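The structure appears below as structure tokens.
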2 protein chains.
Amino acid sequence: MAKRVSHRDSMCGVARPLDAIGDWWSLLIVRDAFDGKRRFGEFQKSLGLAKNILAARLRNLLAHGIMEAVPAADGSAYQDYVLTEKGRGLFPLLVALRQWGEDFFFEPDESHVLLVDRKNGLPVRRLELRAQDGRVVGAEDTMVRLP
Amino acid sequence: MAKRVSHRDSMCGVARPLDAIGDWWSLLIVRDAFDGKRRFGEFQKSLGLAKNILAARLRNLLAHGIMEAVPAADGSAYQDYVLTEKGRGLFPLLVALRQWGEDFFFEPDESHVLLVDRKNGLPVRRLELRAQDGRVVGAEDTMVRLP
DNA sequence: ACACCATGGTTTCAAATTAAAACCATGCAG
DNA sequence: CTGCATGGTTTTAATTTGAAACCATGGTGT
């Protein structure tokens, strides 16, 4: 898939983002970053992936402006890896992924973490796509159109 | 990443769905399926990927219940590959991906396809995550919590 | 009946990617 | 100066990928 980078211009609005993210690991790194993780070691321990792979994924995320390296918050000589504005833009995608997972990948009795409102601890609602007039729309109600 | 299938039980609510989807190609296949494509050849032509890879991805999507093979609608001896309920559940994820792409991967002047309401041809709104009380919430307003 | 072509795959094999492990570098604590 | 924690890079083998060739089935024209 990486080869596609060359003719990025021909890539559609779905393939381009996918190409930038890189792979599944990258998305899990981003998820961890949303959870407040910032250090190389934190990501590595949390995800259990090889250090060379983590280094490569971080490099890619930096190169695509999804994360950025900043001086470590604890004053140590190391770096923190934090989400950029662009990276934080992935929040809805991660929520969509999580909600799909809740719908289809857990037994009814199986417990799983919940995404909750900080204010009151209540679970958030489902993501909803609405038309201009406010109707909730599904795939059947939409189509893609040239500009 | 595939090795993780063995200890799926330890995978979190984000990693499990990712593992099931398989890879980027699979997501593009699903996107094409939402666009009405059903035949092996249609996917192959649209995505330009090798036939063996397409066959493998379709097998995986079938195995995970995201798509299913049905007798071809045109009466030919072949099969159609169509989304299951589970597969259709990926719609919000694809929308999130597309909207992120629109936000960060296109120049202001660059044109791209739009997701529009079938009823009236107007672009859909942005995906929004709301708390129980109806507030639109972002990453900062939420946290994950054990059940 | 026969060649011929379209569709939908599978097989083969070289090249790229991944992952585990070993190694290296830096900074700090005792 | 030794040892150890952190954050990587290098090395190497195994896996995955992808292009191309091949195969199978079912029409179509003649």
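The structure presented is a predicted model; accordingly, all values stated were derived computationally and were not measured. A, B, ... follow the sequence lines: proteins, then strands. Residue 1 opens every chain.
- One finds no side-chain N or O of Arg59(B) lying less than 4.0 angstrom from the OP1 or OP2 phosphate oxygen of dG9(C).
- Gln79(A) has its CD atom 10 Å from the P atom of dG7(D), to the nearest Å.
- In terms of modelled atom types and a separation under 3.5 Å, the side chain of Glu42(A) and the main chain of Arg38(A) share a donor-acceptor contact.
- To the nearest angstrom, P of dT18(C) lies 14 Å from CH2 of Trp24(A).
- We find that CG of Leu54(A) is positioned 15 Å from P of dT6(D), with the value rounded to whole Å.
- A straight line from CZ of Phe40(A) to C1' of dA25(C) spans 14 Å, rounded to a whole angstrom.
- Separating the CD1 atom of Ile53(A) from the C1' atom of dT15(D) is a distance of 12 Å, rounded to the nearest angstrom.
- The separation between Lys37(A) atom NZ and dT6(D) atom P is 16 Å, rounded to whole Å.
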Walk me through it: do Arg31(A) and Leu97(A) pass the test side-chain contact (heavy atoms from CB on, under 4.5 Å)? CA-CA 11 Å; Arg31(A) 193 253 344 235; Leu97(A) 197 56; over 6 Å; no
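- For the pair Lys45(B) NZ and dT7(C) P, the interatomic distance rounds to 9 Å; values are reported in whole Å.
- Checked against dA20(C), dT18(C), dG9(C), the side chain of Ala50(A) finds its nearest nucleotide in dA20(C).
- The Asn52(B) side chain lies nearest to dA19(D) when the options are dG8(D), dT11(D), dA19(D).
- The existence of a salt bridge linking Asp141(B) and Lys119(A) is excluded, since no basic side-chain nitrogen approaches an acidic carboxylate oxygen closer than 4.0 Å.
- For dG7(D), one of the phosphate oxygens OP1 or OP2 lies less than 4.0 angstrom from a side-chain nitrogen or oxygen of Arg39(A).
- Asp117(A) pairs in a side-chain hydrogen bond (donor to acceptor under 3.5 Å, both in side chains) with only one of the listed residues (Arg130(B), Arg135(B), Gln132(B)), which is Arg135(B).
- Place Glu42(B) and Ala77(A) on DNA chain C by their nearest nucleotides, and Glu42(B) ends up nearer the 5' end.
- In the set dT7(C), dG9(C), dT18(C), dG9(C) carries the atom at the smallest distance from any side-chain atom of Lys51(B).
- Atom P of nucleotide dG7(D) and atom CD of Gln44(A) are separated by 10 Å, given to the nearest angstrom.
- Comparing dA6(C), dG18(D), dT6(D) by their closest approach to the side chain of Trp25(B) singles out dG18(D).
- Residue Tyr81(B) is in sugar-phosphate contact alone, with no base atom involved, counting any heavy-atom pair closer than 4.0 Å across all strands shown.
- Of all nucleotides listed (dT17(D), dG7(D), dT7(C)), dT17(D) comes nearest to the side chain of Asp23(B).
- Between the side chain of Arg125(A) and the main chain of Leu129(B), no donor-acceptor pair closer than 3.5 Å is present.
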